[in-house]
Amino acid sequence: MKPNKQSLPDKNGFFGDYGGKFVPETLMYALEQLEETYLNLKDDDDFKKQFYKDLSEFVGRPSPLYFAERLTDYYGTGSIWLKREDLNHTGAHKINNTIGQILLAKHMGKKRIIAETGAGQHGVATATVAARLGLECHIYMGAEDVERQSLNVYRIKLLGAQVHKVDSGSATLKDALNEALRDWVTNVDDTYYIIGSVTGPHPYPMIVRDFNSVVGEELISQSKELFNKMPDAIVACVGGGSNAMGAFYPFINIAGTRLIGVEAGGEGVETGEHAAPLNDGSPGVLHGALSYLMQDDSGQVKSTKSVSAGLDYPGVGPEHSWLKDSGRAEYVAVSDDAALKAFHQVSEFEGIIPALETAHAFAYLDTLMKGFDSNSNIVVNVSGRGDKDINTVAEIDGIKF
Ligand SMILES: *Cc1c(COP(=O)(O)O)cnc(C)c1O
């Protein structure tokens, strides 16, 4: 299927073959209500005004498109530009989407907010917007991640939310998501579930994409202003896929811009020890949607491996599966080692310590930049800052405090 002007998903929530609503009966009504509310509000002038006002005054948007001079010199084959989502309040792109979803929750009269979190970034972003509106907030987090990300656990508590430790399964992000869905089934009347990526059942992948598309919209006007044409390529890391989708979506019909998603290659895609479902997975259902998934022959979800907690997820948002099959976007993977090398390189060259997730996008420049000439413009979506990852990297480097 060729990408065209038709806007997806279709009315059943499908992007080509992917997406849909694979949920228990009790959630069907809640999802329909959410979709109806969203479709009514999304073009409403007051709603849009409030959303953009909050993004400007609370998040600090627009985020700059910044010329990376020393990285550009290092590769010598084209200008490298950084979309600085790391400068947002709370340190990553996730706040864009939570700002939008909390406005939906408020409009629907919901009193209780729940969310899942892996590295804790989405938990922090959700607890932040819930605090701002004075709403009760519960964050589900795998026991393994609670251990690895203790600083974010404390941040979430400081913001007045409760953290629920999840011990089931591998005690990581997918298990936290299961538990959040279970809570939602039980408390659906007064509870709004803020999903953290372009994953889950319809309408979530569409809603999260639309709210985070402010990134790509800004990119279009900033590209015109700064280099007077559209970028030759946009590179973004892909976990669930929200930072990439937000940057890619406004460019889907701009044919000259290559869209490149970088998955977590872990120990190397060929070893099977990774978190790269688009590179080494097959279609299956996880968390309410059909999409590429890391599964074994009997459909059991495989365990994942990545140095980056935010990319350590066996599934991916359904729209990416469609973009992959249609050929409109390209999906590659880089290893933990390559990401760690890029983490250090970007810190030293640019004075910007990127998130380990983002470091995956940077690592792919080693391969990508060979194919460009000096007139080209390449954008890296800097999904977040690396403060949260300092301890992980220090440990790998053998440094003790
Ligand atoms: C959560 C996170 C990601 C991965 O999530 P996506 O939905 O794929 O964007 C990437 N980068 C940062 C900084 C994150 O916090």
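In this chain, numbering begins with 1 at the start of the sequence shown. Ligands are counted one by one from 1 in listed order, and the atoms in each one are counted from 1 as well. These numbers were taken from a predicted model, which means no experiment stands behind them. Because only heavy atoms are used, hydrogens play no part in the values below, and waters and symmetry mates are left out as well, while side chains stay in.
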Inset, instruction - Kindly assign one of parallel, tilted or perpendicular to the pair His320 and Phe248, based on the angle between their ring planes and the thresholds 30° and 60°. - result: perpendicular

Legend entry - Plane angle bin for His89 and Phe58 - parallel if under 30°, tilted between 30 and 60°, otherwise perpendicular: perpendicular

Inset, instruction - Please find out if less than 6.0 Å separates the ring center of Phe67 from that of Trp81. - result: yes

Legend entry - salt bridge (Lys or Arg N to Asp or Glu O under 4.0 Å): pairs with one or both residues in residues 200-222, sequence neighbours excluded: Arg61-Glu218, Lys83-Glu218, Arg209-Glu319

Which atom pairs, nitrogen or oxygen on both sides, join ligand 1 and the protein at under 3.5 angstrom?
residue	atom	partner	partner atom	Å
ligand 1	7 (O)	Ser197	OG	2.6
ligand 1	7 (O)	Gly241	N	3.2
ligand 1	7 (O)	Ser242	N	2.7
ligand 1	7 (O)	Ser242	OG	2.7
ligand 1	8 (O)	Gly239	N	2.7
ligand 1	8 (O)	Gly240	N	3.2
ligand 1	8 (O)	Gly241	N	2.7
ligand 1	9 (O)	His93	NE2	3.0
ligand 1	9 (O)	Ser242	N	3.4
ligand 1	9 (O)	Ser242	OG	3.2
ligand 1	9 (O)	Asn243	N	2.8
ligand 1	9 (O)	Asn243	ND2	2.8
ligand 1	11 (N)	Ser383	OG	2.7
ligand 1	15 (O)	Lys94	NZ	2.6

Legend entry - Partner of Asn96 under side-chain hydrogen bond (donor to acceptor under 3.5 Å, both in side chains), chosen from Asp54, Asn243, Asn212: Asn212

Legend entry - Pairing of Lys110 and Asp189 as salt bridge, 4.0 angstrom limit: no

